[in-house]
Structures are given as structure tokens and as C-alpha cells.
*Asks:* 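Let me give you the structure first, and then I'll get to my questions.
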Amino acid sequence: MSKIVGIDLGTTNSLIATVDSGIPLVIADANGNRLTPSVVHFPANENPIVGLEANRIRILKPAETIYSVKRFIGRRGAEISDEEKSVTYPLNCDGGAVTIPIHGKNYLPEEISAEVLKKLKRDAENYFGEPISRAVITVPSYFNDAQRNATKRAGELAGFTVERIVNEPTAAALAYGLDKLKEKSKIAVYDLGGGTFDLSILELNEGVFQVLSTNGNTRLGGDDLDRRIIEFLVGKINATAKIDFSSQIISRIREAAEIAKIKLSSEMETEIALPFLTPDFSFNYKLTRKELENLTRDIIAKTRSHCLRALADAKLEAKDLDQVILVGGQTRMPFARKFVAELFGCAEFEETRGSLRLGTDFHKASGPQLNTSQNPDEAVALGAAIQAEILSGGFKNVLLLDVTPLSLGIETFGGLMNVLIPRNSTIPVKAGEMFTTAMDAQRDMLIHVLQGERERAKDNWSLGKFTIDFESAPRGVPRVGVQFEIDANGILHVLARDTKTGKEKIVEMKSAVDVEDSAVQKMVEESVEHAFEDLAARRWIESKLKANETLAATKKAIADFGNEIEKDYLEKISTAVGEVEKALTRENQNGSGDLKQLQSAITSLDEITKPLADFLMDKAMEAMLKKRGLIQ
């Protein structure tokens, strides 16, 4: 039976996933990106450009670049509100279905979505090395027949046989492994994506999820938060200078708003820099997380009524739920997580570095568990892949023979251990990851295979080493895929493949399972005993690597473009560089140092070099656009 893939066709980003040796994974494109922006640019008389590149072009060609088209799929023009029409490309909402006129042709939303799906299809075929024609595609649970049929039609236009249209909350529950909960477990799926929101209540019956109720809004999502930030920034700009807000300027503001929103999920404030909005006007503003929350609080609060209606329709109260899971990129926002936790009376959580982390004690009296264990951007796609595997019979007669007693991984630059297969994984099992080089002109990579629970490679057991050769290239360019496979006999096979040439090497290691219990116990105890010391060492090494990378990039930029940079600004950069180098010299014999001083110095250098980074980005964008013939 041919392979069936799972697809999350999203408003902001789309993903394609599969199940490899029992492990669901999102398929990355040739550049290693797992998320494909749901953006399509239509050049005149050329093939459409899809994804990240189209998203970049959107700033320069907003009227010819389509985004958030999922909001219009399967809908009639009369259903579209004035607020939804405020996109930078033309919409034809007269008569029947919504269409998008570009270069003299009217496109249906499903035809735009088909271009995104074609790109995902190509990525999957590159991954498998063979044609892929069957897919499971997810939709919001409240999508009506017209929207579901339009989604299916998009898949068919892209060359897929659409085996099933699956509700996004059901897919998300599968990805979270909630099909393994006790019978009659009740789960709420809070899904806040780029353009849509829904709250679904599921109950597990004999391994199958039954949707008890669902409620949502096809016109509520991250796009609305972006719009609110844009309006705020436009107001700030108007208070400073009166300019003509062309579609190109609005596109630049939109991109800055999206970036700021994402950054404020992990930072307390972020600098918004829009140089040369007009030849004589540049705009800078420091947006704080508190300001963002005040701006968007009422939008997040709109989800409350939908949640309460869904609970009422299911004839349940929040305390009757076992878990609340978060899906959709917008649920990364700390305020959104806090809102959900309070709304459902979830178990206690703590706020750390701008993200919400659950406590460890989940007594029923404290409410349902707020489950944030999965990547909210990828959960739906992974669930779709699991559903696809079920349809293809891939999960039948699975035999679990043993578990890995200790984690397995490889040594990475800086002497750290990167875990590929965690401790207690059931076997047979296969997992992999992509790695790159840390130095220019590197011609080979050492694959040092490790077993253990410590952060530093030297504190774990070495199972073996080998090298793989590849063409000389600048640092960060080569891509080497490393895959671990433990067979039913517990033997570890390690594969390393140069993705450019396809050259690979497979080495069989000793048994990864046959380890004495006393040795395992000792390793685990040592990992607990040295946990804080190991974590401090990892943080220092990671900060040191970042520092060296930042220093190298800064020095190269100055060497390349120093004659175009003002002398006073160069002196500021030089001072900041010196502070980072000074902090690095304070490394002690244990391979650690003054982490706060180093991080502070790095942050200062990052802040000072932001204008330099913007300058380099403009240079790179200009070169790319010239290469594509989009500008002279």
C-alpha cells in the first residue's frame, strides 16, 4: 500500500508529516524548515512562488502576494465582513464565491491553497524519493460542507487523493497521545491559530475520540492580533509624522508586527525598527509584553464565550475535564496560556522566562491538567500523520520488545551531548536529526556516538566514532543527517548522510540495550547528583558558542562594509565586542564562567548591532531581488 501523508493546511503556516518506524515527524523542506508560510506570490508570466520566499516578497509586492486565504475558502462573498476585507491584495466579493483577481485571472481560494499543497507534496517526495499521491488533510471542526469540500478540492488540484478530511482537534488529541488515557476521559482542545479559533470537547470511547461539542469562530485568530498591533503602530507613526500609508508600507508594518508578537512570547520587550518608511522618515518603537497584552486582551477574551458554549453543549463543567490541550501558534503567547488556565481552573502553573510551565502535582481537585507538552505549531500535522498511518494499516500488530535503558545521542560542537533517542524509548525505534558544520572549509564531520544522561559528552559513555566526508563549504552550509535505529535485537545502527551528494555511511554499534542494571542506576544517580552543575555547564557552553558566532559575524560585517559605517558607530561596536571577549576570558578550569556577565555582554552587542543587522538584511534582500529580476 502506498504511503499516506498527513497535512495541516493552516491560515498562517502549513505542514506535512509522516510516521517513520512508528515515530510521527514533520517533513522539512530542502532548507530544513518544517513550517511553510501559507503565502503565494504570483509574478507576471511566471510560476507562483510559495512559502518563505513569497512571504519575503510580500513586503515589496503586496497586491500580488496572497496570505491567510484559509479565511475565505469555501465561503461566499456576502459572508465576508469589512474587517476581513482589509488585506493587501484584491478581493472580489460580488455574487457567489470569493475570488482573488491577479494579473487578469480570478483565482478561487482553493486554487491558492493548492499551490501551498503542491509545495508540500514536492517536499514529501524529496524526503521519500518517490511519488506521493495520498493524503489526510485537517480542517477546523466547525468547517461546514462547503469549506470541507473546498479543502478537499484544493488537495485534488495539488495532485493528491484525499483519503480523509480530519477535524483538527481530533488530530491534535492523537498527537498528544491522549488515545492512551483511561476510558471516558474528557479533553478540551483550545485551538487558536492564525485565522481561526475553536474549542472542542472530546471523549475517549474504546480508543476512539467522540466529539461531544465544538464551538468557534472562523474569523478570530492571530491575524486579528497582528491587525491590532498594526493599528497601534500606525497611530504612533501618525503622531510623529504624516505619511502616505501605501500598501508596501503597510506590508512592512505588518511584518514588523508579526515579528514583535512572536518575540514577546519569550521576551518582555522588543525593538520595532522601520528604517526609511519614506526617504526622510524612519520609525523606532520599543513594544513591551504588557502593552501587547493590553492591546489584544479583548481579542483573546472573545474566545471565552465559545469555550463556555462548548462546555454547556457537552453538558459539562470545567472540573469534569481531565485535560485541556493547547493547539495553534498563538497559544505560545503567555497571556493566552494564563487566560486558558484561569478559564478552566487548570492545575497550578508557574511563569518562567515568559512561558507557562505546569507544576508536577495534578490532583483532580485543582482542575484539569493544562497540557503543553507538544509543539502547538506541529501537533495537528503530527496527528494527521498518525491518522494516515492508521488508514494505511501501519500501526497494526505493533510489537514492543524492550526499552532503551539510557539516552543515546551524539557529541556536538562545544562538547555537549545531543540526545536523539531518549531513555525508556520502546524498541524497535528510529530517530534522526540534521546537523551542520561549525567551521569554514570543513571537509568532514566526526560522529561520536554517546550513551548516558549527562549534559557533557565527556561524562557519558562512548559507543564509537566515525567520520563522514563532504565537499568543502562555508560554516553552516553542509547538511548531514544522522539517524539512529535500534533493531528488535537491541543493536544500534547509526547512519550519517550528506544531503547534498547522498553519500552515506552506516555503522553498527554494540547493543544499546544490554547494559547492567547497576551501571544504569549509577549513571542515573550521577545525572541527578550533578544536575545543577551540568545545567550550568551547558548554559555556559551554549552562551559561549553564541558569543563566538556573534563575534565572528560582527567582525566579518565590519570587514566587508566598514567603509560604509559611521566612525562613531564603529567605535560603539568595538567597545561591545571587547566586553564579550573580556567575559569569555573568565572561563574557569571546569569549563564554566560568569554566565550573567557573558549573557549581558552578548545582549548589549546584539542591541548595538541591530542597525548593522538591518543594513545587512537590506543588502541581502536587494541582492536576492536583483538576482530574480524583481528590481533593477
Side-chain angles (χ1 to χ4, degrees), residues 7-16 26-73 86-91 98-126 154-155 157-159 193-195 221-223 226-227 230 246-259 261-262 329 377 381 617-618 620-631:
I7 297 175
D8 175 10
L9 182 60
T11 306
T12 306
N13 295 297
S14 295
L15 306 88
I16 187 164
V26 174
I27 297 172
D29 63 17
N31 296 316
N33 300 311
R34 297 199 296 270
L35 272 65
T36 294
S38 301
V39 182
V40 182
H41 172 67
F42 287 89
N45 304 317
E46 290 184 35
N47 293 328
I49 299 170
V50 181
L52 189 61
E53 189 175 352
N55 205 29
R56 290 170 178 157
I57 296 173
R58 184 170 73 168
I59 301 173
L60 297 170
K61 304 283 186 179
E64 301 167 11
T65 308
I66 317 304
Y67 58 92
S68 297
V69 77
K70 183 177 177 178
R71 282 195 161 189
F72 308 119
I73 197 166
S86 62
V87 290
T88 57
Y89 52 86
L91 275 181
V98 176
T99 57
I100 301 159
I102 301 287
H103 300 310
K105 179 179 177 180
N106 284 323
Y107 290 90
L108 289 166
E110 52 263 41
E111 292 176 312
I112 307 294
S113 293
E115 297 299 330
V116 176
L117 292 172
K118 287 176 185 176
K119 190 265 186 188
L120 295 177
K121 187 172 186 288
R122 291 193 295 271
D123 292 340
E125 289 173 341
N126 288 337
L157 289 172
D223 286 355
D226 295 342
R227 191 178 297 115
I230 292 167
S246 64
S247 58
Q248 191 173 84
I249 288 177
I250 291 295
S251 290
R252 287 187 64 191
I253 297 173
R254 181 186 302 279
E255 182 187 46
E258 291 176 2
I259 292 171
K261 180 188 69 175
I262 292 168
D377 290 313
M617 180 63 73
D618 290 342
M621 179 66 74
E622 181 182 349
M624 186 271 289
L625 293 174
K626 283 182 178 179
K627 184 177 180 181
R628 294 195 61 86
L630 294 173
I631 62 172

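If you read the sequence from its start, that first residue is 1, and numbering goes on from there. Predicted, not measured: the structure shown is a model, and the values here were computed from it. Computed over heavy atoms, backbone and side chain alike; hydrogens, waters and symmetry mates excluded.
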*Asks:* Just distance, no hydrogens or angles: give the donor-acceptor pairs under 3.5 Å from side chains in residues 109-117, sequence neighbours left out.
*Replies:*
from: E111; atom 1: OE1; to: L108; atom 2: N; distance (Å): 2.7
from: S113; atom 1: OG; to: P109; atom 2: O; distance (Å): 3.4
from: E115; atom 1: OE2; to: K118; atom 2: NZ; distance (Å): 3.3

*Asks:* To the nearest 0.5 Å, tell me how far R254 CZ sits from D223 CG.
*Replies:* 7.5 Å
*Asks:* I7 and L15: side-chain contact (heavy atoms from CB on, under 4.5 Å), yes or no, with the steps?
*Replies:* CA-CA 6 Å; I7 297 175; L15 306 88; over 6 Å; no
*Asks:* Rounded to the nearest 0.5 Å, what's the gap from OG on S68 to CD1 on I73? Could you check?
*Replies:* 13.0 Å
*Asks:* Do any N or O atoms from the side chain of K121 and from the backbone of A158 form a donor-acceptor pair under 3.5 angstrom?
*Replies:*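 The answer is no, because no donor-acceptor pair under 3.5 Å joins these two groups.
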*Asks:* I need the E53 CD to I49 CD1 distance, nearest 0.5 Å.
*Replies:* 5.0 Å
*Asks:* Rounded to the nearest 0.5 Å, how far does CD1 of I66 lie from CG of L91?
*Replies:*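 So the CG of L91 and the CD1 of I66 are separated by 8.0 Å.
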*Asks:* Under 6.0 Å from the CZ atom of R227, do we count more than 12 heavy atoms belonging to anything else shown?
*Replies:*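 Counting other residues, nucleotides and ligands, CZ of R227 exceeds 12 neighbours.
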*Asks:* What are the two closest non-hydrogen atoms of A28 and R34, and how far apart are they?
*Replies:*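 Closest pair (atom of A28, atom of R34, distance): CB-CG, 4.0 Å.
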*Asks:* Going from NZ on K105 to CZ on F42, what distance comes out if it is rounded to the nearest 0.5 angstrom?
*Replies:*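 It comes to 8.0 Å.
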*Asks:* With side chain to side chain contact (heavy atoms under 4.5 Å, CB included) as the test, pick out the partner of D29 among L52, L120, D123.
*Replies:*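 Exactly one candidate clears the test, D123.
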*Asks:* Could you measure the distance from the CG atom of L60 to the CZ atom of R252? Nearest 0.5 Å is fine.
*Replies:* 9.0 Å
*Asks:* Side chains of S14 and S38 only: does a donor on one sit below 3.5 Å from an acceptor on the other?
*Replies:*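 Their side chains do contain a donor-acceptor pair, which is all the 3.5 Å distance test asks for.
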*Asks:* Is any side-chain N of the basic residue among E258 and R58 closer than 4.0 Å to the acidic one's carboxylate O?
*Replies:* yes
*Asks:* How far apart are the C-alpha atoms of T65 and V39, what are their side-chain angles, what is the distance that settles it, and do they pass the side-chain contact (heavy atoms from CB on, under 4.5 Å) test?
*Replies:* CA-CA 7 Å; T65 308; V39 182; 3.4 Å; yes
*Asks:* I'd like to check V26 versus I16 (side-chain heavy atoms, cut-off strictly below 4.5 Å). Are they in contact?
*Replies:* no
*Asks:* Does D226 pair with K261 as a salt bridge, N-O distance under 4.0 Å?
*Replies:* yes
*Asks:* May I ask you to decide if Y67's main-chain N or O and Y89's side chain share a donor-acceptor pair within less than 3.5 Å?
*Replies:* yes
*Asks:* Yes or no on side-chain contact (heavy atoms from CB on, under 4.5 Å) for I102 and Y107, after CA distance, side-chain angles and deciding distance?
*Replies:* CA-CA 7 Å; I102 301 287; Y107 290 90; 4.0 Å; yes
*Asks:* Which heavy-atom pair separates T36 from G51 by the least distance, and what is that distance?
*Replies:* CG2-CA, 3.9 Å
